[in-house]
Number of protein chains: 2
Amino acid sequence: MSKSRGLQEPSFLILTSLAHEPQHGYGIITDVERISQGEVRLRAGTLYAALDRLQSEGLIAEDREEIVDGRLRRYYRLTGEGGLRLAEEAARLQRNARTAVTRLRTRQAGGIA
Amino acid sequence: MSKSRGLQEPSFLILTSLAHEPQHGYGIITDVERISQGEVRLRAGTLYAALDRLQSEGLIAEDREEIVDGRLRRYYRLTGEGGLRLAEEAARLQRNARTAVTRLRTRQAGGIA
DNA sequence: TTCGCATATGCCGACCATCGGTATATAAAG
DNA sequence: CTTTATATACCGATGGTCGGCATATGCGAA
């Protein structure tokens, strides 16, 4: 287990991608690009390093392996701990976003606006 | 000007802290701790480095300086560009959080959690 | 038939924001 | 007299991400 500090956006989106159902590495890359509306394109280096790290932290686990067209597909799934963690992080993001929006609305001019 | 990559949580909260009205460095530290409900304690190194960076990116600007009890207070304010950027980031966080929550709700068992 | 693209996993060096500690200084509290 | 709070600032270490590369298969285009 680990000490759980804040998740970066790529890691958050990887967990999100696994929240509905298990996926394999390359599937996560395309899924993350889709759910972020093309804004986040995971690099292979980022993905597989993150997968190893998240697994060693107990947030995800290997689900199964398949071979399709001679290519290996290694599926990962969210663990119970990973689900809790993702829910916590989502709540944090929502709170941060809400605070920012509220403060932007009640803005007071500083010096020169 | 800048290249606008994703903002980390500390930087996001610094901008949020300045969104309502100008603040000085130490005030930002206490404010961020408050709005994050004690979860994020900015280190001095993080804060002043971030302040320099955000200023060089045009997201914040020096507002004024005051001397209180023989101690300097340097106030910063959010620029117009900084406000736009913060609003964009807040929208992204909200979207990411919503996606995660939705997926967690429609969860399909992978193997054993 | 060879080139490029999509699929698929994985390694490795570089970058840089954050972390953690330290330095400096004043004033109030213990 | 030392700790805590206020206040700014530098610096080395950490670590997640970036960007590129390697490897391999199958498919469609030039």
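Lettering follows sequence order; numbering is per chain, from 1.
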In whole angstrom, what separates B:L7's CG from C:dT18's C1'?
-> 14 Å
Mind running a 4.0 Å heavy-atom check of residues 34-46 of chain A against DNA chain D and sending the residues that fall below it, in number order?
-> A:R43, A:G45, A:T46
How close or far is atom C1' of D:dA7 from atom CD of B:E33, stated in whole angstroms?
-> 16 Å
Taken to the nearest whole Å, OH/A:Y48 to P/C:dT7 is 12 Å
Would you say A:S11 reaches D:dT17's phosphate, i.e. side-chain N/O to OP1/OP2 under 4.0 Å?
-> yes
Atom-to-atom span, CG of A:L47 to P of D:dC21 - whole angstrom = 20 Å
To the nearest angstrom, the CG-P distance between B:L51 and D:dC10 comes to 12 Å
Which pair of non-hydrogen atoms, one from B:R95 and one from A:S36, has the smallest distance, and what is that distance?
-> NH2-O, 3.4 Å
Does B:R53 make a side-chain N or O approach to OP1 or OP2 of C:dA17 shorter than 4.0 Å?
-> yes
Pairwise 5' ranking along DNA chain D for A:F12 and B:L72, keeping only the more 5' one = B:L72
Between C:dT7, C:dC19, C:dG10, spot the one nearest the side chain of A:R73, thanks.
-> C:dT7
Distance check: side-chain N/O of B:R71 vs OP1/OP2 of C:dT26, anything under 4.0 Å?
-> no
Given the rule that I, L, V, M, F, W and Y join up when any side-chain heavy atoms are under 4.5 Å apart, are A:F12 and B:V101 in one cluster?
-> no
Is it true that B:L7 and B:Y76 fall in one hydrophobic cluster, defined by side-chain heavy atoms closer than 4.5 Å?
-> yes
Side chain proximity check, A:N96 to B:T16, heavy atoms < 4.5 angstrom | no
In whole angstroms, the gap separating C1' of C:dA6 from CG of A:D69 amounts to 11 Å
Pairing of A:E9 and B:R92 as salt bridge, 4.0 angstrom limit = yes
Pair B:E89 + B:R85: basic N to acidic O under 4.0 Å = yes
Gap between atoms CD1 and C1', on A:I29 and C:dA8 respectively (whole Å) | 8 Å
So does B:R41 have more than 12 non-hydrogen atoms from other groups sitting under 6.0 Å from CZ?
-> no
Assert: residue with more 5' nearest nucleotide on DNA chain D, out of A:Q8 and A:G70, is A:Q8
Between atom OH in B:Y26 and atom P in C:dT24, what is the gap in whole Å?
-> 19 Å
Position toward the 5' end of DNA chain C (nearest nucleotide), B:A49 or A:A49 = A:A49
